Amino acid sequence: MQIGSDLVNYLEALARIELTDTQREKCKSDLQDILSYIDTLNELDTSGVEPLSHSFPVTNVFHEDCVQESKDRDGLLLNAPFKKDGCFKVPKTVE
Amino acid sequence: MDICKMTALELAGKIHSKEIMIKDALDAVYKNIDKFDAEYNCYISTCREPAYRRAVEIQARIDAGEIISALAGVPVSVKDNICTKDIETTCASLMLKNFKPIYSASVIDKMEAADMILIGKLNMDEFAMGSTSETSYFGEISNPWDKGRVPGGSSGGAAASVSAQEAFLSLGSDTGGSIRQPCSFCGVTGLKPTYGSVSRYGLIAYASSLDQIGPIAKDVADCAALFEIISGKDAKDGTSMDFPKFEYPNVTNGSIKGKKIGIPADYLGRGISCDVKDAILNAKRELENLGAIVEEFAMPIVKYAIPAYYIIACAEACSNLSRYDGIKYGYSSPLAENLKDTYIKSRSEGLGMEVKRRIMLGNFVLSSGYYDSYYKKALMAKKLIQQSFFDAFTKYDILLGPVAPTTALKKGESLSDPLKMYLGDIYTVMINIAGLPAVSVPCGFDKDNLPIGMQLIGKPFDETTILQAAYVFQKATDFLKSPADLQGGLS
C-alpha cells in the first residue's frame, strides 16, 4: 500500500484534523512504515473465519423502564467552552 | 518507621490497629511527592484538601471500631484518564486541560465505598496512546531506576509513582499493555484484568473493546486486594460481566504444585534481548522448583498480533475521539470562525501528534475501499488469536512470557519512530485482543540493573490462578526492590 499526499489530505478531512506541512510529510512517511508492516497481516489465512467483535459473548442488556435521576443542566454545561442561556453556544451554522 | 516503604496491606494493618494515623500516611506520601516529583513528573495534579478531609471522616470511623475494608484508609493514586468528580481529569492532553468531570468512574466510587483515599491524578501518554509516557502534554515522566530512561507507558505515572514510593498503589488502564509494560520497566506489579471484570464506566475511552482498568502495586497481594475492591458487574457498563466474586485471601493461600505452565516459544524468538530471555528462563526454573510443570509450545500467530492490534485500536480510537469537537467540553480554538473551523482547529491545536496519527490511521482502516482488507481482516485475526489461546488453555493452566522485548528504553529513542515503539508491544497486545487476564511481575534485572518483568496469562475470569502463581513466585524470589533501596537512594 503506497501512501500519497492525496490520501493524507483525505484522512485529514475525515478526521477533522489539519496538519502543518512538516507534520504532513512526517505523518506520510510514518503511515507508510506502519501500513507496510500492517500488510504482513495479508499472509494470514483467514478464509472461513468469522470476524470477532466482542471478546466474550455479550447480549443486549435490558432494565426496567423506571425514572432515574439524570445529570443536571448546569453541571453538563460546566465544562462548555462557550454557553448562553443554558445552552451550548456554537458559531452560526446557517447563512 | 518509613511509612512509604510499606505495602498497602501493611499500611492498612497498621491503620486498623491504630499504630499509624491516616493523616500521618498522607503526610508521608505527600512529602515524598514534594521531594521527588519535580524530578519524575508522575503526577499531573494532587488533591490534598479533599484527601485530608476524607482522612478525618475515615479515621473517626476506624476509631469508633466500625467494620472496614482490607484497604481502608490507604491513599490511592489514579491515572488521569479515569474520571473523578470535580477533580481535573486531563488524559494528559491540552484537549482536556481543566476538564472537571461531573461524575466519578465506577472504580472511584467503589474505592471510596471501601474507604480508600484519592490523593492525586497520574501522568500518562496522551489519551493512553503510547508506550513510553513521552507524549503527555504535561511533560515526560522519568524512570525512577534511571532518570535518562522512560518508565514505559501509557500508565507510566501509575507505575513510576509506586516504584518511587510516591504512591502506595495506583490504578492504571491497559489497552495493549499499558499497565503491564510500565510495571515491567519500573519493577512493580500490575494486573490487566479479564475484559469485562472491571467496569469501564468513567474511563475515558481509547479503544473500548480492549480497554480495561487494573491495579498497580508493590506486590501481588496488594494488587489482589485492590482488584477485589474494583471488580464486579456494573449496570453502567454494558460489557461488564457476571462472574464469581474474586476474593483476595484465596491468592495468598494457593500453591502451584502440579500446575501446568506453557511458554509460547514465539515469545522467546527474534527481537528479545538476551537479558530478558535469560530472566524468563530463570523464572521458568524457579516455577519448576516450586512444583509447576513448565514447557514451551508453538504459537506462530504471535507475528500477526501487532498489525491486528493497531488496526482495531486505531479504528476504535478514531470513533471514540470524534467526541472532541471544541463545543461540549474541552479545548476550543480561539481562532475558529465557523462551525467546521471549530472542529478542525480545536482538534488540530488540542491533540498531540501521536493521537492525530492514530485517529488518521483509524480513519484509513475504516474508510470505504479499505474496510474489508484492514478492519474486517483484523477482526478475523482477532478470532484466530483468541482461538490460539483457548487451544493453549486446553493443555495449560497458565501461560508465561516476557512483558516486553527489552528493559526501559532511553528517552527519545522511539519518539521519532512510531513503528519501533509499536513493535515493543508484541507480547502484550495479544492478551487484550483475546480479552484475557495477565499479571506483570518483576523477575530479574539486566546488566544495567534495570528491572525485568514477566507476565502470567490466565483463562478468562481466572485471575485467582495467575495471582496465586505470581504470589508464590514473589515469596520465593527477591526481585521486589525499589530504586529507593539502591545505594544513595532516590535523588
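As the structure is a computational prediction, the values presented were derived from the model and not from experiment. In what follows, chains are A, B, ... by sequence order, proteins preceding strands, each numbered from 1.
For B/Tyr375, no part lies under 4.5 angstrom from a heavy atom of chain A. Contacts of B/Asp341 with chain A are absent, with no heavy-atom separation under 4.5 Å from either backbone or side chain. Within the 4.5 angstrom heavy-atom criterion, atoms from both the backbone and the side chain of B/Ala381 approach chain A. Heavy-atom distances place the backbone of B/Asn432, and not its side chain, under 4.5 Å from chain A. Only the backbone of B/Ser416 comes within contact range of chain A, with at least one heavy atom under 4.5 Å from a heavy atom of that chain. Contact annotation for B/Met353: only side-chain heavy atoms (C-beta onward) come within less than 4.5 Å of a heavy atom of chain A. Using a 4.5 Å cut-off between heavy atoms, B/Tyr422 touches chain A through its side chain atoms alone. Both the backbone and the side chain of A/Ile17 come within contact range of chain B, with heavy atoms under 4.5 Å apart. Contact annotation for A/Asp45: only backbone heavy atoms (N, CA, C, O) come within less than 4.5 Å of a heavy atom of chain B. Heavy atoms closer than 4.5 Å to chain A are found nowhere in B/Gln387, neither backbone nor side chain.
Side-chain contact between B/Lys356 and A/Gln23 is present, with at least one heavy-atom pair separated by less than 4.5 Å. No side-chain heavy atom of A/Arg16 sits less than 4.5 Å from a side-chain heavy atom of B/Ser346.
If you tally non-hydrogen atom pairs under 4.5 Å between each of A/Val8, A/Asn60, A/Leu78, A/Leu35 and chain B, the highest count goes to A/Leu35.
Residues satisfying the ring pair (Phe, Tyr, Trp, His ring centres under 6.0 Å) criterion with B/Tyr370, sequence neighbours excluded, are B/Phe364.
Surrounding NZ of B/Lys233 are more than 12 heavy atoms belonging to other residues, nucleotides or ligands, all under 6.0 Å away.
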Scan the side chains in residues 299-313 of chain B for donor-acceptor partners under 3.5 Å anywhere in the protein, sequence neighbours excluded, and list what turns up.
unit_1   : atom_1 : unit_2   : atom_2 : d
B/Lys303 : NZ     : A/Glu43  : OE1    : 3.2
B/Tyr304 : OH     : A/Glu43  : OE1    : 3.3
B/Tyr310 : OH     : B/Asp425 : OD2    : 2.5

Using a 3.5 Å cut-off and no angle test, enumerate the donor-acceptor pairs between side-chain atoms of residues 79-91 of chain A and protein atoms at least two apart in sequence or in another chain.
unit_1  : atom_1 : unit_2   : atom_2 : d
A/Asn79 : OD1    : B/Lys100 : N      : 2.9
A/Asn79 : ND2    : B/Lys100 : O      : 2.7
A/Lys83 : NZ     : A/Leu77  : O      : 3.1

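Taking the six-membered ring where the residue is Trp, the centroids of B/Phe461 and A/Phe56 are separated by under 6.0 Å.
Taking non-hydrogen atoms and a 4.5 Å limit, the residue list of residues 315-322 of chain B in contact with chain A is empty.
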